[in-house]
There are 2 protein chains.
Amino acid sequence: MSSRPDVTMAQRKRRLVSNELSEAALQLLALKGFDAVTIDEIAATAGVSKRTFFRYFASKEDVVVQFLADMGAGMRAALASRPLGEQPSVALRHTVRDPMAACADHSERALRVVQLILRTAALRARFLEHQDRWRDDLAAELAQRLGLDPDTDLYPQLAAGMALTAFDAVLRRWSGSDGADDPAELTDRAFAAIAPALDAVGPSNP
Amino acid sequence: MSSRPDVTMAQRKRRLVSNELSEAALQLLALKGFDAVTIDEIAATAGVSKRTFFRYFASKEDVVVQFLADMGAGMRAALASRPLGEQPSVALRHTVRDPMAACADHSERALRVVQLILRTAALRARFLEHQDRWRDDLAAELAQRLGLDPDTDLYPQLAAGMALTAFDAVLRRWSGSDGADDPAELTDRAFAAIAPALDAVGPSNP
DNA sequence: CCGTGCATGGCACTCGGTGTCAAGAGGTAA
DNA sequence: TTACCTCTTGACACCGAGTGCCATGCACGG
């Protein structure tokens, strides 16, 4: 019954509390609605104090949204790992599809989280903030890979924005179908629609 | 010194208080930063109580963001007023450009507001919420005008999202250039980049 | 002149979020 | 074993956003 020997007891305990907290939060929030649950309630359910809750999560929204927050890093990594000469539409399609598929894999939990986020205004707002940062990241990565100056050329911002628009549409469909639709196929269809703009790479600076 | 005769005194007073409030808020927030200003402070500067502030604005962010909130209705109206047979890229270009130009007209105030929003996380989040609603509105309008079913076809959501991506890029540039760049010209450049996707109208449902 | 309606201010209250501090648990060295 | 150190925690006080409630006052219509 040994886990990693080089993992200290304190670290394991931290993970345990963190899981306890997000589990309690997810259950309560999905059950009663976002506004009807207080942080004291979540903390009490997890067996800790409110103060401790804020030592693990920065806000009430965070405990839900953090679950999807890794996708930003995943996207940037996916884009960075694509071969340099690849068409933008193909590279960006994988940028979105790979993390999306990874998320949909443990779909038991992911689906519930996504549905909760999309249906709750406060959570959706936080999620949009994340996407906003992802867009800047992707735009920077794109500009670098294409040798464009992000300060004069609109393309990186636009292409990143289009990719995330596709991502958002896919997420909505997937959530709306209760996970029945295939995320990878949805992504392909969305990118088929936006590809003509992504691959028309004529620089748009004056 | 008569204003509109059919406008009651109470209504005029309401407008006056509202202007006083948003003026005070804008000045204080731009000066000291969003978090460093309390609502009591804003209300006191405007000569009313905190309770009254919340009778005019739903939140601290609202007093700033509401300034741009009309653009949503403006966009939908602009789109609805375009001739039915028009190419989507042209119709959507006007959808974005017209309200944008109207906003940039009283640029003294608009520029300050936009810069404040884009540089403040909380305000930007609220603004993204608005854009999110605008996207749904535009998608609905687009679906109707093109005779597409928004539940099966991805195009309306994607096209609306692309248009707003362009809008956001334009807004950033305009703000970043301190109003030097021409919003209309920026909009044209952005739409030149995304037009190939907007006009490739092949329905994308299975 | 008198009711009616509306805007306001004041107050108490809830809740999200933060700073501070003292106490406990575990790990380490003498 | 004892002394020490670090990390985590709970408790408490505190701030600010936002809301419900009620009494007051001012404009308007009769």
Side-chain angles (χ1 to χ4, degrees), chain A residues 2-22 24-26 28-29 32-66 120-127 129, chain B residues 1-22 24-26 28-29 32-66 120-126 129:
Chain A
S2 68
S3 50
R4 289 271 165 272
D6 56 341
V7 173
T8 167
M9 165 107 180
Q11 286 173 307
R12 267 191 297 151
K13 194 171 176 186
R14 264 194 84 80
R15 258 181 208 285
L16 191 124
V17 173
S18 177
N19 288 340
E20 208 81 29
L21 236 23
S22 56
L26 223 64
L28 287 174
L29 294 178
K32 305 174 59 177
F34 188 79
D35 293 323
V37 180
T38 71
I39 291 188
D40 284 287
E41 210 173 336
I42 298 173
T45 304
V48 297
S49 71
K50 164 187 152 189
R51 196 63 190 82
T52 293
F53 175 94
F54 285 106
R55 291 196 176 97
Y56 286 83
F57 300 98
S59 70
K60 192 176 168 186
E61 293 92 3
D62 241 41
V63 70
V64 181
V65 171
Q66 206 183 68
T120 307
L123 293 174
R124 177 139 187 94
R126 290 277 183 165
F127 185 49
E129 279 189 79
Chain B
M1 53 180 66
S2 68
S3 49
R4 289 272 166 270
D6 56 340
V7 173
T8 168
M9 165 105 181
Q11 288 172 307
R12 266 190 298 149
K13 194 171 175 186
R14 264 194 83 79
R15 257 182 211 283
L16 192 125
V17 173
S18 177
N19 287 342
E20 208 81 28
L21 236 23
S22 55
L26 223 64
L28 287 175
L29 294 177
K32 304 172 59 177
F34 187 79
D35 293 324
V37 179
T38 72
I39 292 188
D40 285 285
E41 210 173 336
I42 297 174
T45 304
V48 297
S49 72
K50 164 187 153 187
R51 196 63 190 83
T52 293
F53 175 93
F54 284 107
R55 291 195 175 96
Y56 285 83
F57 301 98
S59 70
K60 191 176 167 186
E61 293 91 7
D62 241 42
V63 71
V64 181
V65 171
Q66 207 184 66
T120 308
L123 293 174
R124 176 138 189 95
R126 290 277 182 166
E129 280 190 79

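Remember, predicted model here, so these are calculated numbers, not experimental data. Each chain gets a letter, A, B and so on, in the order the sequences are listed, and its residues count up from 1.
- Nearest heavy atoms, B/Ala36 versus B/Glu41: O-OE1, 3.9 Å.
- To the nearest 0.5 Å, the span separating OH on A/Tyr56 from CG on A/Leu21 amounts to 8.0 Å.
- A distance-only check finds a donor-acceptor pair linking the side chain of B/Lys60 to the backbone of B/Phe34 [under 3.5 Å].
- If you check every strand for non-hydrogen atoms under 4.0 Å, B/Tyr56 touches sugar and phosphate atoms only.
- In this structure, B/Lys32 places its NZ atom 14 Å from C1' of D/dG16, rounding to the nearest Å.
- Contact annotation for A/Lys13: no contact, since no heavy-atom pair falls under 4.0 Å across all strands.
- Between the A/Ser22 side chain and the A/Ser18 main chain, a donor and an acceptor come within less than 3.5 Å of each other.
- Atom pair A/Lys60:NZ and D/dA17:P shows a separation of 18 Å (rounding to whole Å applied).
- A/Gln66 contributes atom CD, which lies 9.5 Å from atom OG of A/Ser59 (distance to the nearest 0.5 angstrom).
- Taking a 4.0 Å limit (strictly below) on heavy-atom distances, residues 39-49 of chain A reaches DNA chain D at A/Gly47, A/Val48, A/Ser49.
- Nucleotide D/dC21 holds its C1' atom 17 Å from the CZ atom of B/Phe54, rounded to whole Å.
- Across the interface with DNA chain D, nearest-nucleotide mapping of B/Ser59 and A/Val17 shows A/Val17 to be the residue nearer the 5′ end.
- When DNA chain C is scanned in the 5' to 3' direction for atoms under 4.0 Å from non-hydrogen atoms of chain B, the outermost contacting nucleotides are C/dA7 to C/dC11.
- Remark: P of D/dA17 and CZ of B/Phe57 are 15 Å apart, rounded to the nearest angstrom.
- One donor-acceptor pair, N or O on each side, does fall under 3.5 Å between the base of D/dG18 and the side chain of B/Lys50.
- Nucleic acid contact class of B/Arg14 (heavy atoms, under 4.0 Å, all strands): sugar-phosphate only.
- Atom CZ of residue B/Arg124 and atom CD of residue B/Glu61 lie 14.5 Å apart, to the nearest 0.5 angstrom.
- What separates CG of B/Asp62 from P of D/dT19 is a distance of 11 Å, to the nearest Å.
- Here the closest non-hydrogen pair linking B/Leu28 and B/Ile42 is CD1-CA, 4.0 Å.
- Atoms CZ (B/Phe34) and C1' (D/dG16) sit 12 Å apart, rounded to a whole Å.
- Interatomic distance, A/Phe54 CZ to A/Asp62 CG, rounded to the nearest 0.5 Å: 10.0 Å.
- Here the straight-line distance linking atom CD1 of A/Ile39 with atom CZ of A/Phe57 works out to 11.0 Å at 0.5 Å rounding.
- Residue B/Glu61 contributes atom CD, which lies 12 Å from atom C1' of D/dG16 at whole-angstrom precision.
- B/Asp35 has its CG atom 17 Å from the P atom of D/dC15, to the nearest Å.
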